[in-house]
Amino acid sequence: MLKPQLQQSLQSTKTLIPSWNTNPLVLASFPINILNKNFRLKKRNNFRVHHNYNGASTTKAVLSSTEKSTGVKAVVTVQKQVNLNLSRGLDDIGDLLGKSLLLWIVAAELDHKTGIEKPGIRAYAHRGREVDGDTHYEADFVIPEDFGEVGAILIENEHHKEMYVKNIVIDGFVHGKVEITCNSWVHSKFDNPDKRIFFTNKSYLPSQTPSGVSRLREEELVTLRGDGIGKRKVFERIYDYDVYNDLGEADSNNDDAKRPVLGGKELPYPRRCKTGRPRSKKDPLSETRSTFVYVPRDEAFSEVKSVAFSGNTVYSVLHAVVPALESVVTDPNLGFPHFPAIDSLFNVGVDLPGLGDKKSGLFNVVPRLIKAISDTRKDVLLFESPQLVQRDKFSWFRDVEFARQTLAGLNPYSIRLVTEWPLRSKLDPKVYGPPESEITKELIEKEIGNYMTVEQAVQQKKLFILDYHDLLLPYVNKVNELKGSMLYGSRTIFFLTPQGTLKPLAIELTRPPVDDKPQWKEVYSPNDWNATGAWLWKLAKAHVLSHDSGYHQLVSHWLRTHCCTEPYIIASNRQLSAMHPIYRLLHPHFRYTMEINALAREALINANGVIESSFFPGKYAIELSSIAYGAEWRFDQEALPQNLISRGLAVEDPNEPHGLKLAIEDYPFANDGLVLWDILKQWVTNYVNHYYPQTNLIESDKELQAWWSEIKNVGHGDKKDEPWWPELKTPNDLIGIITTIVWVTSGHHAAVNFGQYSYAGYFPNRPTVARSKMPTEDPTAEEWEWFMNKPEEALLRCFPSQIQATKVMAILDVLSNHSPDEEYIGEKIEPYWAEDPVINAAFEVFSGKLKELEGIIDARNNDSKLSNRNGAGVMPYELLKPYSEPGVTGKGVPYSISI
């Protein structure tokens, strides 16, 4: 409804001629059939404009009888940009003439008399004042009394450069202001003549869509899907699927730069966003690489400095700091000669003379890393001491810390319960040798001081394992052919002590048959009473830690969060309208993920990129993540409770908190994670039940069903026939699916990402590669003598090289960083949610529970009975604390995977 200050007659012609219509240049912009000599204003007829909104020059005037109308004002908030191009002058002239943005207000409902769409009301928005660094553009409309509520607004950008539109506020309606949240780039009409569509903040299921915008709802989805043809342009917003066929250089003459296509029967993988780049000439299944990697325009990092902080930091380190390091450290195999040399990274630094013109910008973007030493005028890469070594410099050396970090460290997703004894491989013994483990009953019982038998330990759930045996063994011989990496299959056994901590008992390392050599395997134990055994144990731990580091980065982090989330984002934009309540629930959880993934494909996970050059699998790194995806990934077990159950770390128990009984009571990741899971699930439950009060609304929601079908059958199509995919028939089904997705993007990612520098910044604690074989594997007399005389040097040679370590440290520093504009879960309400009183109230509960979680975690970290998160020099477990200040803090849970 309109405010009652009704106007008639000549004023009503403002439907076509705005209040500033005395400007002849503005009048000239209207179609000639309106502004011609036969048109006489003195007739005082009212005009309404009919549009084919995305057509070209189809505006026409229709005379009508005198109608009542009222004036409303629209204010468009546009992010201020720096434009130094030639087009800037043309755009400034357009602003002066009041031709910046052309707006159409679209009625929510069809005309009840004719059953067709009501005429849209259009006006130019002219540039207004600057407010908090943004620019306001204002437009005056004359709205007929029978227009009804606003359903959408269309924008045509008259500038030559795109605009970032934050929101639109229309004032003048009796029911109050109409707010339309945009937060989107609007392309120039010179790039694409189609108008942009923005719907109001009220959410609708497809069946509830106001009749006047139902066509626009469907057309917008068609636009976002694209036609699958051609190379994508930077301003486009097209979401489509492709396989990972752009990691290598298929046209290169160097076979070492080529990589297999990931996605398909042989190497199953999630799908990525299609770029449309040309196919390789030598391998038509592969895509050529380029410096520009397309992502839909609104998925890219914002240009505002504070918003782009994290993204620019990663980019700067990859494209400036890493090359500078590689130019300084000319020998890629040069290791650290002694431990003080490692310490010097934190108190002396590495000279970077190769920065050149890039250094001034880098000082601002990565101030934690790049320091200017004023007295020598040198540019230095100087690392800050990670929290782990700040608290206890020698903690990494101790077994108790090695075990503690499986529960409260960077990769809490790998520890499993031992459920069968003896341990036995499932691989083909004809290829990989005898499947039986050499970790014997006698060794285990000896290591636990004959406290109980192995059978009793298994029955009482006292034995746990890090098992990288069957996953890695098929790659051992291939990796060992690469220079600078030595791989084994590994098993590490832990015992749960009466104090609730884990004690490592044994490490088994295995090499499959190779050439004319039979399978080799050996078991190491923490043999403190024998110096040789103690050093062998330290070397065995270095190998296991490199396996865990690689698995963490490639599977727990990259695959299960970044990579597996991209299909959810693509499907959401292709199948769920921007006005769909589930789209608006998920949208904050998808911010910048596609852009950071594209950056990873460009310079992190690509052939000979940082991951391949610094982690143990080398050129097989991402291929190994494909093997893990095929063997291990299940959507249903990405939910935290099901994940814990699948690893034997929990069983269902309705009498326990969260409905689960943990096998290890002091398991900081699980303890805090289950609280966060329940908070997320309650928020999702309240939200879903509000929009789906009847069960039948789920199955009748055509957009929702298409979304879930596309995720299963296309985005994760290599797993489409698996029986474990949840059905989507009831609100509870939807609650489970959505909670799993938002957990992965928030809690899961935070747990495996933001502690990276704290735990792995001092690389001896988490080496990414083991570069030398175990001294006991077929040693020559000279090799054994050298180890016996210089065991510390043997450990240093096993660690990553100088260039490997410093590259990884620089990357982990920026990946662990929170940007100043980080959006933490529950911190600020989305405008869509705030307009609905029920959702607004549910969000207040959600936000309050998250603040309570902060206090719960603080109390647990101060509890001296919880030895896995409290004690002298022990790092408190804060990775799932919801909020954080900017920087590398080891805490904070953002909505999305944005770094």
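Everything numeric in this text was worked out from a predicted model, so none of it was measured.
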Which atom names give the shortest non-hydrogen contact between [X] and [Y], and what distance separates them?
X: Y692; Y: D701; result: OH-OD2, 2.6 Å
X: L585; Y: P588; result: O-CD, 3.5 Å
X: L285; Y: R279; result: O-NH1, 3.5 Å
X: Y294; Y: E236; result: OH-O, 3.4 Å
X: P831; Y: N201; result: CB-ND2, 3.8 Å
X: I711; Y: P567; result: CG1-O, 4.3 Å

Measure the CG-CG distance between L704 and L728 for me, rounded to the nearest 0.5 Å. 5.0 Å

Intermediate values then yes/no, salt bridge (Lys or Arg N to Asp or Glu O under 4.0 Å), K849 and D678: CA-CA 10 Å; K849 291 291 184 182; D678 280 357; over 6 Å; no

Using ring pair (Phe, Tyr, Trp, His ring centres under 6.0 Å), reason through Y551 and H547 one step at a time and then give a plain yes or no. CA-CA 6 Å; Y551 185 89; H547 303 165; over 10 Å; no

Examine the side chains of [X] and [Y] and answer whether a donor and an acceptor come within less than 3.5 Å of each other.
X: R232; Y: T275; result: no
X: D548; Y: Y468; result: yes
X: D470; Y: Y432; result: no
X: T561; Y: H749; result: no
X: S280; Y: D283; result: no
X: E612; Y: Y620; result: no

K258 NZ: over 12 foreign heavy atoms closer than 6.0 Å: yes

Row check, Y629 ring normal vs K719 NZ/CZ: under 6.0 Å, within 45°: yes

Report yes or no: is the cationic atom of R560 (NZ for Lys, CZ for Arg) under 6.0 Å from the centre of the six-membered ring of Y413, at an angle within 45° of the ring normal? yes

Are side-chain heavy atoms of H748 and N643 found at a separation under 4.5 Å? no

Heavy atoms, side chains only, cut-off 4.5 Å: are L427 and V431 in contact? no

Apply salt bridge (Lys or Arg N to Asp or Glu O under 4.0 Å) to residues R277 and D246 and explain how you reach the verdict. CA-CA 9 Å; R277 290 181 292 189; D246 63 341; 2.8 Å; yes

Residues passing the salt bridge (charged side-chain N to carboxylate O under 4.0 Å, His left out) test with K231, sequence neighbours excluded, are none

Aromatic ring proximity W725/F635, centre distance under 6.0 Å: yes

So which of Y568, Y269, W708 actually passes ring-ring contact (aromatic ring centres under 6.0 Å, His included) with H716? Y568

